[in-house]
**Student:** 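Let me begin by handing over the structure; questions about it come next.
Sequence lines set the chain letters: A, B, ... in the order given, protein chains first and strands last, and positions in each chain run from 1.
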2 protein chains.
Amino acid sequence: MATIYEVSKLAGVSLATVSRVINNNTPVREATRIKVLEAMDKLGYHPNSVAQSLASSRSNSIGIVVSELNGPFFGTLLSDIETAFRKAGKHVIIAAGHSDEKLEKESISFLQSRNCDALILHVEAVSDDYLTELADKDVPFVLLNRFVPSLYQRCITLNNQHGGYLATQHLLQLGHTNIGYISGPMWKHDAEQRYNGHLRALAEFAINSSQSVFYEGDYHEKGGADGMTQLLNTDPQITAVVCANDEMAAGAMTAARELGRSLPEQLSVVGFDNVNFSHYMCPKLTTVDYPIGGMGQMASRWVLKNVYQQKLGDIQNVFEPRLIQRDSAAAAK
Amino acid sequence: MATIYEVSKLAGVSLATVSRVINNNTPVREATRIKVLEAMDKLGYHPNSVAQSLASSRSNSIGIVVSELNGPFFGTLLSDIETAFRKAGKHVIIAAGHSDEKLEKESISFLQSRNCDALILHVEAVSDDYLTELADKDVPFVLLNRFVPSLYQRCITLNNQHGGYLATQHLLQLGHTNIGYISGPMWKHDAEQRYNGHLRALAEFAINSSQSVFYEGDYHEKGGADGMTQLLNTDPQITAVVCANDEMAAGAMTAARELGRSLPEQLSVVGFDNVNFSHYMCPKLTTVDYPIGGMGQMASRWVLKNVYQQKLGDIQNVFEPRLIQRDSAAAAK
DNA sequence: TAATATTATGTAAGCGCTTTCATGTATAGC
DNA sequence: GCTATACATGAAAGCGCTTACATAATATTA
């Protein structure tokens, strides 16, 4: 691989000048620039990004921590983030945190040691305090789907509460009054907030929430199935169930069918997230859309703007969910 | 951030010695090692990986090109690759090629300029010649799901032909004789091979393939839906359809139902890939398992073994698919 | 045309590490 | 006790760039 030195020799200029045309940050006379470009071309020269990083102490890499790499949710996120940075000539280093405190911390320090210029974090298990401390360190980061009051400018969140509200409101408007709820793990902020939204909708329709059956699931298919089984055992009169994410909705619907309920005639189900397979399910899942792609783009913009000084539009910190009506929720009989 | 220099001063040894304890590649007296480790600890020192890369001309990063970041298929792949490398202290840089020749090439040169030690490529659009030339360059790479004869040691492939065979054989064994086929884009090697397997099964059961209706789809849901519609129009007598991937199967099943077919009673469907949502579909999809995770691990092993000289087991170049029987394929009436 | 302001280019000192080669120090052999 | 050998450590030269700072070339003004 040719080095900048060889280019400078071939072009008959100094290293510095070559560097200038590479970085395009200092004026270079047009004739000189052309000479250099031609030399680079002739040698098939590409700058060594490692050397660039060391010299400039910018690595042009952004570290991303997500909970899982598989699964429908993060794929969309990563895809949009990668596209955004790729355009800007940055690259993305990915680590999975698996919703585990130790692994999340490891991922973060791993990415730090990789000299990332910034991090985009979708972390669930580390504490607010840990994040606040991290903010005092040198590496800038944005938080996705997590609100830490002291770090509010760097939080890109969904109004989960409103999402939970929309799901339940929809069922209530369809005439359901006996609505079960399958939650995510309550230690996760979004799970708690979605549930709060559910309660708010119930209250608004003057339904006593103590009548409403509740199950704390795990955000996975199995939890949804278990939850549905338990809910229907506890209260066979239930006519609708809100699931705090689509995966659980999938499990719940399967379980309900196995228990002899026809969907959506005897039982309506609403999910949350609008993952890409939610319309493969049958009945096609009515769910709350989580604009994760847009939020990923916004996180990218935050980084481009605050770390790389690009002039870009304002940052939208809070995104609003919206209800996607499909076929899994029907009017109460 | 503390540097190796500060550590060496605090420990009262030279830079070289600190480097030795970091890399653990040259004997260092135990007492010295401990002094150094304590100094590192006290300073909260982490080696600067960029500087390490520059000095050693190894970046400890592996570039991955996949077609898409979203979608169920690549998530599984990336997840297993990331896990494997993370354990080895390497990191993964990801780029999407979008099945487009230009973008695939761009992705590859992008990763090259990032000084990746190796690449794992799932590329579809670039030519065999391009890959053969690339192999003469300096960066080592493995190919996933692609067989290039001259590069056979670095190809990790699925026996797609056999997979196609299994899908059709299953339907034939269930008594179907009028079987439609919805293919992927025939310019993609795997699509072609899956179809060849289909033909082989047909031949084995003495079915004239010219009777068998065929549609060339796009590996996406829409293509599956269009394909099913066209197939049923062309030949309403069809009792079974093989789809060359699960996404098309999803579209096809929806379309079939909209055309009034009950599944699987009036129409059996078999997919290919066994993506994670295939059992969310209803009826749950009978499909051919693509062990993409295992193949990703094998690709990782190839890199660890051939690039980082780790002593690991043999490389398995060809993986075998297997049929996953669920509910979408039933006996012919 | 000389003096001054502007702009373009070159010089050289790092960035934080690895690694070769040289040197020093302990151990063994006689 | 002296040399031969092994082993542990240090000195210093890069890895390929960026970026002050210094200098040279050019444009501007009087």
Side-chain angles (χ1 to χ4, degrees), chain A residues 1-37 39-40 43-61 89 91 112-117 138-139 308-309, chain B residues 1-37 39-40 43-61 89 91 112-117 138-139 308-309:
Chain A
M1 198 65 170
T3 70
I4 197 175
Y5 176 71
E6 297 165 42
V7 175
S8 77
K9 258 192 18 195
L10 182 58
V13 299
S14 73
L15 293 190
T17 303
V18 178
S19 175
R20 287 178 187 117
V21 353
I22 293 170
N23 293 293
N24 202 30
N25 50 7
T26 307
V28 170
R29 203 195 316 158
E30 196 52 26
T32 315
R33 172 191 311 283
I34 288 170
K35 267 194 309 189
V36 171
L37 290 174
M40 289 181 9
L43 293 169
Y45 169 79
H46 284 285
N48 178 324
S49 65
V50 173
Q52 288 181 310
S53 298
L54 183 60
S56 65
S57 62
R58 255 183 293 96
S59 64
N60 288 311
S61 67
H91 75 265
Q112 274 184 290
S113 80
R114 247 61 194 176
N115 294 72
C116 293
D117 295 336
D138 34 6
V139 52
Y308 296 113
Q309 273 60 268
Chain B
M1 198 63 173
T3 71
I4 197 174
Y5 176 71
E6 298 165 41
V7 175
S8 79
K9 259 194 13 199
L10 182 59
V13 299
S14 73
L15 293 190
T17 302
V18 178
S19 174
R20 287 180 186 115
V21 354
I22 292 171
N23 294 293
N24 202 30
N25 51 8
T26 307
V28 170
R29 204 194 317 158
E30 196 52 27
T32 316
R33 172 190 310 283
I34 289 170
K35 267 194 310 190
V36 171
L37 289 175
M40 289 182 8
L43 293 170
Y45 170 78
H46 284 285
N48 178 324
S49 65
V50 173
Q52 288 182 310
S53 298
L54 183 60
S56 65
S57 63
R58 255 183 293 97
S59 66
N60 288 311
S61 67
H91 75 264
Q112 275 184 289
S113 80
R114 248 60 194 176
N115 293 74
C116 292
D117 295 335
D138 35 7
V139 52
Y308 296 112
Q309 273 60 266

**Student:** Applying salt bridge (charged side-chain N to carboxylate O under 4.0 Å, His left out), can you list everything that pairs with A/R114, at least two apart in sequence or on another chain?
**Tutor:** none
**Student:** Base, backbone or nothing for each nucleotide of nucleotides 16-27 of chain C, written B, S, -, heavy atoms under 4.0 angstrom, 5' to 3'?
**Tutor:** BBBBB-------
**Student:** How long is the line joining CZ of B/R33 and P of D/dC7, in whole Å?
**Tutor:** 15 Å
**Student:** Are the side chain of A/S56 and the backbone of A/Q52 linked by a donor-acceptor contact shorter than 3.5 Å?
**Tutor:** yes
**Student:** If I take atom CD in residue B/E30 and atom P in nucleotide D/dT9, what distance separates them, rounded to the nearest angstrom?
**Tutor:** 10 Å
**Student:** Can you name the salt bridge (charged side-chain N to carboxylate O under 4.0 Å, His left out) partners of A/R20, sequence neighbours left out?
**Tutor:** none
**Student:** Distance from A/I22 atom CD1 to A/H46 atom NE2, nearest 0.5 Å?
**Tutor:** 11.0 Å
**Student:** Does B/T32 reach a base, just sugar-phosphate, or nothing at all? Heavy atoms under 4.0 Å.
**Tutor:** sugar-phosphate
**Student:** What integer distance in Å separates A/K9:NZ from C/dG10:P?
**Tutor:** 15 Å
**Student:** Quick one: bend of the helix from C/dT1-D/dA30 to C/dC30-D/dG1 from 5 pairs per end, to 10°?
**Tutor:** 40°
**Student:** Spell out, as yes or no, whether a donor-acceptor pair under 3.5 Å connects the side chain of B/S59 to the backbone of B/N115.
**Tutor:** yes
**Student:** Can you name the residues that form a side chain to side chain donor-acceptor pair (under 3.5 Å) with A/N48, not counting sequence neighbours?
**Tutor:** none
**Student:** Keeping to residues at least two apart or across chains, list the side chain to side chain donor-acceptor pair (under 3.5 Å) pairs with something in residues 2-15 of chain A.
**Tutor:** A/S14-A/T17
**Student:** What is the distance from atom CD1 of A/I34 to atom CZ of A/R29, rounded to the nearest 0.5 Å?
**Tutor:** 11.5 Å
